[in-house]
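Reminder, nothing fancy here: chain letters follow the sequence lines and each chain counts from 1.
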Amino acid sequence: MSQSEAVIEIRNLSKVYRDFWGRPKVKALNALSLDIRKGEVFGLLGPNGSGKTTTMKLLLGLLFPTEGEITILGKSAADVSKNERIGYLPEESYLYRFLNAYETLDFYGRLFDMSAAERKERSEKLLDLVKLAPQARRRQLKEYSKGMTRRIGVAQALINDPDLVMLDEPTSGLDPLGNRDMKDLILDLKKQGKTVLMCSHLLADVQDVCDRIAILYGGELKVMGRVDELLKAQDETQILSSKLSDAAVKDVQEVLKKHGANVLKIDHPTANLEDLFLKTVQESRERPGHRTVIEGKSAS
Amino acid sequence: MYFDPNENLIYPLYALSNWVLTTGGLMFVVLFVSLANLLVTRGKSGVGVFFAEIRGMISDVFSISPRRIWALTRLTFMEAYRRKALAVFVVFAVMFMFAGWFMGDTQEITPDQVKVYVSFVLTSISWLTLPVVLILCCFGIPEDIRLRSIHTIVTKPARRIEIVLGRMIGVSMIGVLVLLVMGTVGYIWIVRQTPERSQKFLVCRVPQYGGIKFINRDGDEGTGVNVGDIWAFRNYIEGATKARAVWQFRNVDESVLDADGNLQLENSFSAFRSYKGDMTRSLFYDIKFYNPENGVSYTTDPQPVNEFRSKLDKIPRKLTVDDVQYDLIKDLVTKNKFLHVEIACIDREQYIGMARPDLFIRMPNRPFWVGYWKAVLGIGLIVVLVSMIGVAASTIVKGPIATVLTFVLYVLSGKNSHQFMDALMSGDFKGGGVLESIYRLVTHMNPTTDLPETPAFYVVKGFDLILTSFLWLCKQVIPRLQSFNMTEFVANGFDVPFNVSILPSLLVTTAFIIPCVMLGYFALRVRELESK
Ligand SMILES: Nc1ncnc2c1ncn2[C@@H]1O[C@H](COP(=O)(O)OP(=O)(O)O)[C@@H](O)[C@H]1O
Ligand SMILES: [Mg+2]
């Protein structure tokens with residue numbers, strides 16, 4: 001991917017949560033620096049409590065950084081006008097439970113100063129897009145299941161046709177079908193040229209849709225880079241073929257031996273972002289302060 | 001009838017300066033508290049943030065969108081509706097269904113009973129509406145923060161000012177709607193509860209008050225006689241002497257006359273007898289009109305004092321003095337439309353007592369509903385004020401605390417606490433300020449002796465001065481709700497005067513708008529909207 005313009009620039013960002021008396025309680029984020037470029041889907045990974053949500057809230061100006069700088073769409077995080085071009089799906093859907101789906105979208109549409117006709121058209125389109133059942137649209141949100149709430153949450157985030165979409169755990173609470181829909185939606189957004197920042201601990205989702213990822217652990221950036229590069233083991237080659245007989249496997253091993261290569265494992269390939277993730281977490285636990293790979297280059 | 005409608009009369013220029021003072025005082029408090037808070041939480045960089053936020057606030061004002069405010073207003077409305085806050089109507093309906101049982105059922109009632117009806121209705125309306133409004137305004141934003149639904153709003157282009165304004169307008173509108181419905185029901189109830197024959201008591205008398213001065217028994221200007229009332233509301237003039245009470249009415253012209261062309265003068269004088277005399281006969285007074293410009297004067301026949309009730313004297317327009325015809329308006333009113341009226345007591349060694357509001361020109365009556373709805377408007381203004389203060393408070397503290405705070409402020413804004421603060425500040429209390437009186441207490445010093453002028457004296461005085469200034473600030477910050485209560489006028493059968501009641505209430509209410517919005521803005525801006 002070309003080094004196109006950065007939509008989000010985070011420099012040296014730290015966040016310390018304080019208690020009522022101003023005493024530091026939790027260091028949720030420590031000296032995070034990263035860029036998110038226009039048009040990419042960026043995944044923020046990390047185990048629970050690693051600071052993903054904190055990062056998003058800092059970007060949106062919901063929290064104030066203890067240290068460091070944020071530029072988002074060329075503006076500061078505290079600038080409300082940046083929100084014109086941002087869509088945000090909170091970790092849990094903090095929507096108004098006494099409104100129904102139409103009223104919800106209408107309300108948020110008004111906050112973008114959209115006209116009545118615009119709001120109506122957009123709501124209809126979005127509810128179709130997120131596949132909210134038509135008979136549910138007039139029911140109050142308090143009657144919704146988790147998956148339905150998630151869908152209306154996404155619709156709410158897209159009401160203004162944003163350039164930058166920030167999704168906090170977009171697939172949480174969705175069934176496999178919903179999961180698939182959500183991934184398609186994200187890919188669709190990417191196709192429309194939008195920038196997507198999502199965080200998740202569900203690795204399969206991230207692997208499928210993200211261009212680049214960063215893995216946070218304990219508020220620190222551990223790994224960052226393109227998904228395909230990160231998953232490419234530098235000193236291994238994987239050979240994938242249709243099913244071989246035992247004899248054929250033996251023959252292949254012979255050939256490899258002739259070329260001086262060792263067969264490490266003959267196996268069915270698996271999604272192994274999980275491996276990377278577990279390895280990173282494992283390593284971080286054992287060797288605090290260690291960074292594995294940043295932007296495809298090894299570092300220590 | 002001890003009620004002096006003039007107590008809080010405000011003149012327009014004074015009103016304006018009062019408004020500026022209240023707004024300014026409040027804004028000062030808000031800015032000071034915000035800066036202090038920022039300095040504590042952010043250290044030195046707080047100053048920068050403070051000025052950035054002031055700039056932000058100003059730019060917010062210019063990017064306000066009515067559509068966004070309306071969206072937030074509607075949200076407040078729907079929330080109240082769907083959360084069944086309007087169940088208050090049920091309580092109201094039940095109250096009125098049973099109230100009739102206790103009110104008796106007669107063919108004829110006295111004005112005092114009408115007074116009870118009107119007070120009952122207006123008081124119950126305000127006591128039902130205010131708690132609902134208080135809860136709605138104090139819990140809206142804190143609940144939004146607790147449930148974090150506010151995150152979905154502040155990550156949209158909604159400005160903090162709009163969030164505060166939307167809530168304030170929303171709650172006020174709910175309050176006003178509730179008032180309108182209850183007011184209508186209450187009005188119908190009063191009219192139906194009043195028997196046919198007593199409907200005449202449902203009026204709005206429109207008084208035009210004048211200024212009063214007293215002439216003593218020897219003809220000099222004075223203060224009248226105090227006959228020993230503990231509360232010197234009325235002063236007395238002695239009979240058959242030169243003692244007079246002189247009223248001067250302004251703006252007197254044809255419009256004050258009734259349909260038959262009479263000048264109606266209503267009084268509620270009281271009589272004081274220094275000896276028993278003839279108890280079957282009232283004391284008598286006469287009314288003299290005179291015009292100092294042309295020397296014309298006219299004195300009425302002696303009139304009996306109606307003790308404990310009001311009395312209406314009708315003066316015809318065409319007057320005959322020594323066979324010469326005079327016109328009340330043309331000849332007895334000065335060029336600048338002043339009318340001088342002198343009251344004298346006729347009976348020797350007896351006294352007639354009067355205070356400024358005891359004599360007034362009665363203008364043509366207004367219908368009862370005019371005064372009634374003005375009184376409801378008064379409640380409406382309290383509703384608006386409470387909504388603003390409650391919403392502002394709720395941006396800083398949690399719902400229950402905001403409710404208590406607002407309620408305490410509401411209680412503090414009554415008549416008594418303001419009078420107490422006035423008294424403290426006027427220095428009428430002997431013994432000086434806080435520190436000085438503590439010093440006097442400890443040293444057993446007499447409050448009338450002066451303190452020795454040592455350096456400590458100045459420290460004490462200086463400290464007390466600071467405290468007094470603080471008190472002064474409190475006085476500006478605590479609204480004066482006295483004028484908002486217009487029930488008394490209507491219950492007593494009067495119209496609600498504009499410059500005595502409505503204008504001051506409007507001024508107090510509007511003076512709170514800017515500071516409350518500012519406070520809300522700052523509170524929502526400088527703190528992280530996590531639930532805490
Ligand atoms: N409001 C808060 N007050 C104090 N600590 C918090 C608050 N929010 C989050 N934290 C702490 O900050 C850390 C990071 O949390 P978060 O960003 O929510 O993690 P993630 O989204 O990656 O699961 C956690 O240790 C969490 O307990
Ligand atoms: Mg999270």
Side-chain angles (χ1 to χ4, degrees), chain A residues 15 17-22 53-54 56-66 76-100 103-104 106-116 119 140-142 153 156-157 159-160 162 166 168, chain B residues 38 40-43 45 49 52-53 55-57 59-60 63-85 140 143-163 166 521 524-532:
Chain A
K15 175 67 191 175
Y17 284 106
R18 293 173 188 278
D19 67 4
F20 178 79
W21 305 106
T53 302
T54 303
M56 279 219 178
K57 287 185 176 169
L58 283 164
L59 287 173
L60 287 160
L62 289 171
L63 297 175
F64 308 137
T66 310
S76 96
D79 192 338
V80 185
S81 64
K82 72 176 191 308
N83 295 344
E84 304 270 2
R85 293 167 55 205
I86 297 179
Y88 169 55
L89 171 71
E91 188 166 17
E92 278 167 48
S93 292
Y94 306 128
L95 302 172
Y96 289 94
R97 293 160 47 81
F98 52 86
L99 298 178
N100 68 33
E103 287 163 345
T104 302
D106 188 69
F107 168 65
Y108 291 111
R110 282 171 199 262
L111 293 186
F112 283 99
D113 227 335
M114 288 160 65
S115 71
R119 294 196 302 265
Q140 289 183 28
L141 261 51
K142 63 178 169 218
Q156 161 282 132
I159 187 83
N160 58 327
M166 299 170 75
D168 198 342
Chain B
L38 278 170
V40 170
T41 53
R42 313 255 181 114
S45 67
V49 177
E53 287 307 339
R55 239 179 294 127
M57 182 163 57
S59 84
D60 262 18
S63 47
I64 277 182
S65 137
R67 190 180 270 144
R68 283 197 293 258
I69 294 183
W70 179 236
L72 291 155
T73 303
R74 274 184 79 227
L75 184 78
T76 312
F77 223 91
M78 286 167 104
E79 183 168 17
Y81 176 70
R82 301 242 163 110
R83 295 225 173 127
K84 322 246 171 352
E143 276 295 282
D144 260 10
I145 295 177
R146 190 177 69 81
L147 300 170
R148 298 212 171 97
S149 31
I150 200 160
H151 285 187
T152 56
I153 296 180
V154 295
T155 52
K156 303 278 183 283
R159 308 300 197 267
R160 302 297 203 270
I161 274 197
E162 293 165 339
I163 296 173
Y521 172 87
L524 289 184
R525 231 5 241 205
V526 302
R527 115 186 134 114
E528 293 175 338
L529 298 173
E530 291 287 305
S531 63
K532 261 187 216 153

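For the set Ile69(B), Val40(B), Thr41(B), Asp144(B), the count of heavy-atom pairs under 4.5 angstrom toward chain A peaks at Asp144(B). When each of Ala71(B), Ala52(B), Ser149(B) is checked for heavy-atom pairs under 4.5 Å with chain A, Ser149(B) comes out on top. By number of non-hydrogen pairs under 4.5 angstrom with chain A, the leading residue of Glu79(B), Lys156(B), Met78(B) is Lys156(B). Taking Ala78(A), Gly61(A), Pro90(A) one by one and counting their heavy-atom pairs under 4.5 Å with chain B, the maximum is reached by Ala78(A).
For chain B, no part of Glu92(A) is nearby; none of its heavy atoms comes within less than 4.5 Å. Contact annotation for Met114(A): only backbone heavy atoms (N, CA, C, O) come within less than 4.5 Å of a heavy atom of chain B. Neither the backbone nor the side chain of Asp60(B) comes within contact range of chain A; no heavy atom of the residue lies under 4.5 Å from a heavy atom of that chain. For chain B, no part of Arg85(A) is nearby; none of its heavy atoms comes within less than 4.5 Å. For Leu72(B), the parts sitting under 4.5 Å from any heavy atom of chain A are the backbone and the side chain alike. Neither the backbone nor the side chain of Leu89(A) has a heavy atom closer than 4.5 Å to any heavy atom of chain B. In this structure, chain A has no heavy atom under 4.5 Å from any part of Val49(B).
Annotation: side chain of Ile153(B) is in contact with side chain of Phe107(A) (closest heavy-atom distance under 4.5 Å). Between Ser65(B) and Arg110(A) there is no side-chain heavy-atom pair separated by less than 4.5 Å.
Between atom CZ of residue Arg82(B) and atom CD of residue Glu103(A) there is a gap of 4.0 Å, rounded to the nearest 0.5 Å. In this structure, OG1 in Thr155(B) is found 12.5 Å from CG in Leu59(A), a value given to the nearest 0.5 Å. One distance of note links OG1 of Thr152(B) with CG of Leu111(A); it measures 8.0 Å at 0.5 Å rounding. To the nearest 0.5 Å, atom OH of residue Tyr96(A) and atom CD of residue Glu143(B) are 10.5 Å apart.
Scanning for salt bridge (charged side-chain N to carboxylate O under 4.0 Å, His left out) contacts around Arg74(B) gives Asp106(A), with sequence neighbours left out. Remark: Tyr88(A) engages no residue in a ring-ring contact (aromatic ring centres under 6.0 Å, His included) (not counting sequence neighbours).
A salt bridge links Glu528(B) with Lys15(A): the closest approach of a Lys/Arg side-chain nitrogen to an acidic carboxylate oxygen falls below 4.0 angstrom.
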